[in-house]
Protein chains: 2
Amino acid sequence: MENYRHLFPDLEEGLQREMQEKGRVLAVKAGQVLIQSGQNIRNTMIVLDGLIKLYRENDEGNEFFMYHLHPGDGCALSLICDRSFKLSSVTAKAVADSVLLVVPLEHTENWMRQYRTWYHFVVGTYRRRYEELLETIDHIAFQNMDERLEFYLRRHRQALNTNVLEITNTQIAQELNSSREVISRLMKKLSEDGKVRLLKNGIEILKL
Amino acid sequence: MENYRHLFPDLEEGLQREMQEKGRVLAVKAGQVLIQSGQNIRNTMIVLDGLIKLYRENDEGNEFFMYHLHPGDGCALSLICDRSFKLSSVTAKAVADSVLLVVPLEHTENWMRQYRTWYHFVVGTYRRRYEELLETIDHIAFQNMDERLEFYLRRHRQALNTNVLEITNTQIAQELNSSREVISRLMKKLSEDGKVRLLKNGIEILKL
DNA sequence: GCTATCCTGTGATATTTGTCACGAAGGTCG
DNA sequence: CGACCTTCGTGACAAATATCACAGGATAGC
């Protein structure tokens with residue numbers, strides 16, 4: 001945890017110490033599922049390193065990409081659980097090898113009243129995620145697949161900080177709840193427009 | 001405010017007094033717009049009476065129904081604003097004549113640390129709205145228009161607590177970001193299936 | 001009663017997206 | 001090398017939804 005203090009410049013000294021004492025550092029492998037849909041939440045999770053992806057899932061096994069969590073981000077759903085240990089309705093999966101700080105919920109509720117900076121952290125987290133969800137709704141509600149695909153690519157380029165995304169059309173189709181063929185065709189169009197280049201095992205983003 | 005105490009059985013005595021002192025009671029007419037997209041938020045709003053509808057809007061004037069606020073509900077976006085006075089990205093409109101409690105943000109941040117019950121109130125509010133948004137995403141992402149329409153009708157019957165909705169197809173189409181004709185056709189189907197009855201100025205929900 | 005307006009119903013058609021079928025390219029492993 | 005797997009591209013088709021055009025009914029205001 002000491003190595004990660006730079007991620008939380010706004011959190012006060014005492015709080016940082018408590019995070020170190022009460023929290024457990026957990027390393028996870030790329031691809032590992034952290035929270036399964038329908039599982040109880042008993043811990044707050046904060047990303048220290050790596051990258052986490054959050055999905056919404058439904059009964060029939062369809063999934064839908066919500067947003068990424070970067071180092072310094074907390075998982076909104078697990079930050080405030082109101083003691084009721086509600087069921088989680090999303091799936092969190094590590095995109096890259098990642099490191100998490102796991103803190104039992106009983107501590108974080110105390111921090112909420114004890115540390116003004118923690119309150120700001122939680123409030124900021126929730127608000128950002130809420131607005132990110134709103135943005136997602138905008139896209140599904142108002143836009144066509146081609147625009148949504150471009151947005152998806154931009155988002156992923158930014159999150160992974162690379163112009164080359166090693167990802168299959170099948171995977172994209174799943175996360176946008178579309179079908180491989182549709183993505184394939186749209187991708188061809190993007191390529192013809194010079195917006196991306198199709199590599200043999202991924203996509204290079206040229207200008208989006 | 002005294003008349004509305006029963007709405008907040010969980011809020012502690014001192015807090016209720018402060019709400020009464022610091023808050024301003026505001027009556028609004030049905031149809032009135034409370035928060036316009038892009039407007040600054042400087043006050044927390046809590047619904048005391050009536051019914052408020054929240055919409056997401058985009059640049060081209062399309063709107064999309066998000067959820068209702070009932071008496072006792074706080075407006076999530078305005079509850080925690082993190083002092084940054086961010087722009088609001090939604091529109092709130094009174095469905096019926098309504099009464100609101102308006103509290104300047106500087107007070108509510110203090111309450112957050114001072115009153116444990118306020119903290120729970122805010123946390124609960126945010127979480128519920130967050131999950132409501134998730135549910136909305138499920139519907140747009142995974143379901144067809146007919147299912148979404150049924151869900152819309154159920155939601156409105158529940159919110160308005162009546163089986164007769166005085167609402168036009170045009171209005172529904174807007175809120176689902178569809179078109180009047182589509183709603184008209186689907187409504188006919190619902191009627192043929194005996195799920196609704198089409199009245200001359202509204203819809204009676206029979207079994208949904 | 002006349003006109004303007006709003007809401008509705010409906011056919012025809014276009015667009016978007018999903019589904020099915022199939023073949024090609026590349027990779028892995030025995 | 002050959003069997004197998006995954007991925008991709010693509011044509012043909014189906015389904016869902018949007019759009020256009022138009023007509024009828026209700027209602028408010030004059």
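Chain letters run A, B, ... following the sequence lines, proteins first and then strands; every chain starts at 1.
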Query raised in the report: In residues 189-201 of chain A, which residues come under 4.0 Å of DNA chain D by heavy atom?
Result: A:Leu198
**Report entry** Flag, side chain of B:Arg148 to backbone of B:Leu176, donor-acceptor distance under 3.5 Å
**Finding:** yes
Query - Test item: B:Gln16 side-chain N/O and B:Leu11 main-chain N/O as donor-acceptor pair under 3.5 Å - result: yes
Report task. Answer yes or no: is there a donor N or O on one side and an acceptor on the other, between the side chain of B:Glu109 and the main chain of B:Glu106, under 3.5 Å? Result -> no
Query raised in the report: Under 3.5 Å, is there a donor-acceptor pair between the side chain of A:His139 and the main chain of A:Glu135?
Result: yes
Query raised in the report: For A:Phe64, what residues pass the ring pair (Phe, Tyr, Trp, His ring centres under 6.0 Å) criterion, not counting sequence neighbours?
Result: none
Query raised in the report: Is it true that a side-chain atom of B:Ser98 and a backbone atom of B:Ala94 form a donor plus acceptor pair closer than 3.5 Å?
Result: no
Report summary line: Bounded by its outermost nucleotides with an atom under 4.0 Å from a heavy atom of chain A, the footprint on DNA chain D reads D:dC8 to D:dA12
Requested in this report: Please answer whether the main-chain N or O of A:Leu199 pairs with a side-chain N or O of A:Glu204 as donor and acceptor at a distance below 3.5 Å.
Outcome: no
Report task. Please confirm whether the backbone N or O of B:His70 pairs with a side-chain atom of B:Asp73, one donor and one acceptor, at under 3.5 Å? Result -> yes
**Report entry** Those residues of residues 140-157 of chain B lying under 4.0 Å from DNA chain D by at least one heavy atom
**Finding:** B:Asn144, B:Met145
Query raised in the report: Is there a salt bridge (Lys or Arg N to Asp or Glu O under 4.0 Å) between A:Lys195 and A:Glu150 once you walk through the steps?
Result: CA-CA 9 Å; A:Lys195 293 180 176 175; A:Glu150 290 194 25; 3.1 Å; yes
**Report entry** A:Glu181 bridged to A:Arg185 by N-O distance under 4.0 Å
**Finding:** no
Query raised in the report: So what is the end-to-end bend of the helix from C:dG1-D:dC30 to C:dG30-D:dC1, with 5 pairs used at each end and the value given to 10 degrees?
Result: 30°
Query - A:Tyr130 ring center within less than 6.0 Å of B:Tyr130 ring center - result: no
Query - Cationic N near anionic O, under 4.0 Å, A:Asp146 to A:Lys189 - result: no
Query - CA sep, side-chain torsions, deciding dist, call: B:Glu18, B:Tyr115, side chain to side chain donor-acceptor pair (under 3.5 Å) - result: CA-CA 11 Å; B:Glu18 271 211 63; B:Tyr115 299 108; 2.7 Å; yes
Query raised in the report: Among residues 167-185 of chain B, which contact DNA chain C at a heavy-atom distance under 4.0 Å?
Result: B:Thr168, B:Asn169, B:Thr170, B:Arg180, B:Glu181, B:Ser184, B:Arg185
Report task. Among B:Thr170, B:Thr168, B:Ile172, find the one that has a side-chain contact (heavy atoms from CB on, under 4.5 Å) with B:Ile183. Result -> B:Ile172
Report task. Answer yes if the ring centres of B:His156 and B:Phe151 are under 6.0 angstrom apart, and no otherwise. Result -> no
